[in-house]
Q: 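Can you read through this structure? Questions will come right after.
All figures in this text were calculated on a predicted structure; none of them were measured in a lab.
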Amino acid sequence: MKRLACFDLDNTLIDRDGAFRAWAEVFTAELGAEALEWFLAMDLGGYRPRGELFAAARERFGLAAGVEELIAAYDVEHPTFTWCEPAVFEGLARLRADGWTVVVVTNGGTVQQSRKLAHTGIGEVVDYSCISQTEGVGKPDPRIFEIAAERTGTALAGGWMVGDRLELDIAGGQAAGLSTILVGTDRGGRNAGEVRADVVVGNVVRAFEVIAGS
């Protein structure tokens with residue numbers, strides 16, 4: 001049976017924060033530099049609920065559109081600012097060529113995450129993508145990893161989870177029985193407790209090498 005390699009999407013396979021900044025620069029172009037810095041500070045790496053973010057933005061900047069309208073537009077617009085580096089495509093392809101089953105396991109809304117996967121092309125080069133809203137469960141619940149294994153006909157034993165958040169990616173992967181790789185410095189910094197990744201790397205390209213050598 002093929003072995004399973006799971007990857008987080010945002011700030012692991014793609015630079016989600018860079019894409020958010022690019023979106024925010026366009027969105028706040030007529031609101032001024034203060035608005036851009038406000039959005040970047042309020043975003044919390046995407047983990048502040050969008051309803052909360054845009055409700056606060058309407059109040060602070062007097063936006064005419066309603067919260068639901070702003071969220072719907074954001075879900076369509078933000079993914080168009082995402083990109084995937086060639087080295088990431090190469091790493092994913094190399095793992096699959098070596099016999100690994102590669103799955104994206106991402107928390108987030110179906111519309112936005114699906115659009116990111118399509119826009120970047122990542123959805124076409126992995127074996128399956130688990131989106132939390134679509135599956136009805138998200139990290140750190142180990143069930144989302146069990147779904148990934150079931151949908152791809154693989155086993156969790158001997159597999160890996162790679163991500164940038166200790167309390168979500170690493171804790172969830174370990175709860176599912178996967179070995180784990182933390183990419184960069186934990187971006188969460190909250191509720192991680194004593195969670196420690198098996199391996200820490202500077203970027204996801206290095207994670208491909210670790211998995212390939214295991």
Side-chain angles (χ1 to χ4, degrees), residues 1-17 19-20 43-53 68 71-72 74-76 78-80 82 84 88 92 95-96 100-183 186-188 190-192 195 197 204 207 211:
M1 180 177 290
K2 288 186 176 182
R3 297 168 70 188
L4 182 65
C6 299
F7 292 86
D8 174 50
L9 179 62
D10 292 321
N11 291 322
T12 298
L13 292 177
I14 65 172
D15 181 2
R16 181 265 167 204
D17 289 349
F20 182 82
D43 178 50
L44 296 182
Y47 284 88
R48 184 180 298 281
R50 300 299 88 172
E52 181 181 308
L53 174 67
E68 293 303 317
I71 293 173
Y74 172 79
D75 281 345
V76 172
H78 179 234
T80 65
T82 59
C84 183
V88 173
L92 294 172
L95 285 180
R96 294 180 76 194
W100 289 86
T101 294
V102 177
V103 177
V104 171
V105 181
T106 177
N107 283 2
T110 299
V111 172
Q112 184 165 163
Q113 299 306 82
S114 294
R115 286 178 175 273
K116 289 176 185 175
L117 290 164
H119 181 76
T120 60
I122 290 173
E124 298 178 5
V125 299
V126 298
D127 294 288
Y128 191 72
S129 296
C130 281
I131 300 173
S132 63
Q133 185 179 54
T134 306
E135 306 297 350
V137 64
K139 300 172 291 185
D141 194 316
R143 287 180 294 167
I144 195 168
F145 299 100
E146 293 168 2
I147 290 170
E150 290 170 4
R151 299 280 170 80
T152 57
T154 57
L156 292 169
W160 289 87
M161 173 59 196
V162 181
D164 67 304
R165 300 290 292 259
L166 282 170
E167 81 278 19
L168 299 176
D169 303 312
I170 305 307
Q174 291 176 348
L178 298 166
S179 297
T180 57
I181 301 175
L182 177 68
V183 176
D186 174 46
R187 293 174 183 265
R190 302 177 302 280
N191 304 318
V195 177
V204 74
I211 294 172

Q: What distance do S179 atom OG and R3 atom CZ have between them, rounded to the nearest 0.5 Å?
A: 8.5 Å

Q: Name the residue from V105, V204, I122 that meets the side-chain contact (heavy atoms from CB on, under 4.5 Å) definition with F7.
A: V204

Q: Residues two or more places apart in sequence or in another chain: which of them pass side chain to side chain contact (heavy atoms under 4.5 Å, CB included) with T152?
A: L4, T101, V103, Y128, T154

Q: Return the minimal non-hydrogen interatomic distance between I144 and S132, and the atom names on each side.
A: CD1-CA, 4.1 Å

Q: Mark yes or no for whether R50, through its side chain, and R48, through its backbone, hold a donor-acceptor pair below 3.5 Å.
A: yes

Q: If you compare all heavy atoms of P79 against all heavy atoms of V76, which two are closest, and at what distance to 0.1 Å?
A: CD-O, 3.5 Å

Q: Report yes if the side chains of H78 and K116 come closer than 4.5 Å at any heavy-atom pair, otherwise no.
A: yes

Q: Just to verify, what does E68 make a side chain to side chain contact (heavy atoms under 4.5 Å, CB included) with, not counting sequence neighbours?
A: I71

Q: Quick check for you: to the nearest 0.5 Å, what is the distance between T180 atom OG1 and I170 atom CD1?
A: 4.5 Å

Q: Testing the basics here: between A176 and L156, what is the closest heavy-atom pair and its distance to 0.1 Å?
A: O-CD1, 3.4 Å

Q: As an exercise, state the distance from CD of Q174 to CG of L166, rounded to the nearest 0.5 Å.
A: 8.5 Å

Q: Would you name the heavy atoms of L178 and M161 that are closest together and state the gap between them?
A: CD1-CB, 3.9 Å

Q: How long is the gap from CG on D169 to CG on N107, to the nearest 0.5 Å?
A: 7.5 Å

Q: Can you tell me how far CD1 of I181 sits from CH2 of W160, rounded to the nearest 0.5 angstrom?
A: 4.5 Å

Q: So which heavy atom on I131 is nearest to which on G108, and how close?
A: CG2-O, 3.5 Å

Q: Output yes when a side-chain donor or acceptor of N11 lies under 3.5 Å from a complementary backbone atom of D17, and no otherwise.
A: yes

Q: Just how far is it from atom CD1 of I14 to atom CG of L117, taken to the nearest 0.5 Å?
A: 7.5 Å

Q: Start with the C-alpha distance between R16 and D8, add both sets of side-chain angles, then the distance that settles salt bridge (charged side-chain N to carboxylate O under 4.0 Å, His left out), and finish with yes or no.
A: CA-CA 11 Å; R16 181 265 167 204; D8 174 50; over 6 Å; no

Q: As a quick check of understanding, evaluate salt bridge (charged side-chain N to carboxylate O under 4.0 Å, His left out) for R96 and D127, giving each step before the final call.
A: CA-CA 9 Å; R96 294 180 76 194; D127 294 288; 2.9 Å; yes

Q: In a check of side chain to side chain donor-acceptor pair (under 3.5 Å) between T106 and each of Q113, Q112, Q133, which one passes?
A: Q113

Q: Give me the atom names and distance for the closest heavy-atom approach of T82 to H119.
A: O-CD2, 3.1 Å

